[in-house]
Amino acid sequence: MQLLDGKFVSEKLKQEIALEAAEILERTGRKPHLVAILVGNDGGSETYVASKMRNCEKVGFNSTLIFYENTVTEAEVLNKIEAINVDPDIDGLIVQLPLPNHIDPEKITEKINYRKDVDGFHPINLGRMQRNLPSFIPATPYGITLMLQEYGIQTAGKHCVVIGRSNIVGSPMSILMAQNSSTGNCTVTLCHSKTPDIKKFTLDADILIVAIGKKNFITADMVKDGAVVIDVGMNREISATTKSGYKLYGDVDFENVAPKCSYITPVPGGVGLMTIVGLLKNTLASAKREIYK
Ligand code: GUN
């Protein structure tokens, strides 16, 4: 069993990003600039956004965090997005999800200028990704493909089973794994909450990608010998033993599943760190006008 080491790979890729950012600064006198909008005090969101901002600074990007209280109106957020959409100093904009119930995430997503949509959630980017055209690819699926690439994991002809059909991870991931590309060409099964007997599918998976948000959902009896297991779970539990007061658990019973795997991602230290790399690479591509002129 080999660990897919998100710490090692993300640090290496961030060094490459930092070199490119320095080159851009030298050539143009400006840094790539990411803006994040955060509304309210949802569980992990504050921590995740703070980490995104910190990593921007680490690789030599500018970062701006715009925080709104839970009481902000949808119109106010939409107005702010409109202003950012036309601000030439800003390359990327993300609005951290989930949002409070009175704000419609679809309205917000569609308002973002798709040329700055470095989360890749706008229908134009999703549609272009599905057609295998240049687009911003959602950060978590993007980070996972970078991880597969880094470890030279062969995907062509393999059976990839994705658990979870969210807009952020499962749905775009299933599209990418089926696509005709160097990290695709899988036969893909997408399982979700209405799939009966999920074990029947997971037992046949050469590559198992789990994004369901339930601690220990995947147990050793559900995994084929030699499988590649990618754990997207970020389940936070209060803990007295950590500095932050929380401990993070994946969706996979790591201790018992790991011995059966050829490769597996740990939590923490796996996919979460790669998500940030995906976001940084999208922001860099936006600053370089690589996707859209
Ligand atoms: N919430 C969980 N993951 C993400 C992400 O990748 N982007 C945004 N904007 N919100 C999220």
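When a ligand or atom number is given, it counts from 1 through the structure's own listing order.
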>> Below a 4.0 angstrom heavy-atom separation, can you tell me which part of L279, side chain or backbone, both or neither, approaches ligand 1?
In response: neither
>> Just to be sure I'm reading this right: ignoring hydrogens, which of D119, V118, L93 gets closest to atom 9 (N) of ligand 1? Compare them by their nearest heavy atoms.
In response: D119
> Does CZ belonging to F8 count more than 12 external heavy atoms closer than 6.0 Å?
Replying inline: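 No, the 6.0 Å shell around CZ holds no more than 12 heavy atoms from other groups.
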> Are the side chain of T265 and the backbone of V271 linked by a donor-acceptor contact shorter than 3.5 Å?
Replying inline: no
> Backbone N or O of H33 within a donor-acceptor pair of the D91 side chain at under 3.5 Å?
Replying inline: yes
> Counting each atom of ligand 1 from 1 as listed, which ones have a heavy atom of F121 under 4.0 Å away?
Replying inline: 5 (C), 7 (N), 8 (C), 9 (N)
>> Closer than 4.0 Å to some heavy atom of K52 - which atoms of ligand 1 meet that?
In response: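 So the answer, numbered in order with elements, is 5 (C), 7 (N).
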> Among T202, D204, D206, whose side chain to side chain donor-acceptor pair (under 3.5 Å) with K224 holds?
Replying inline: D206
>> Could you report the tightest heavy-atom contact between L93 and L34, atom names first, then the distance?
In response: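 Of all heavy-atom pairs spanning L93 and L34, the closest is N-CD1, 4.2 Å.
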>> Please check whether V95 reaches ligand 1 - meaning an N/O of the residue sits under 3.5 Å from an N/O of the ligand, judged on distance alone.
In response: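 Between V95 and ligand 1, an N or O pair is found under 3.5 Å apart.
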>> Using a 3.5 Å cut-off on N or O atoms only, is L97 in polar contact with ligand 1?
In response: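 Yes: some nitrogen or oxygen of L97 is under 3.5 Å from one in ligand 1.
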>> I'd like to know if K14 and E11 make a salt bridge, using a cut-off of under 4.0 Å between side-chain N and carboxylate O.
In response: yes
> Among protein heavy atoms, which lies nearest atom 3 (N) of ligand 1, and at what distance?
Replying inline: I168 CG2, 3.9 Å
>> How far is atom 11 (C) of ligand 1 from the closest protein heavy atom, and which atom is that?
In response: Q96 NE2, 3.4 Å
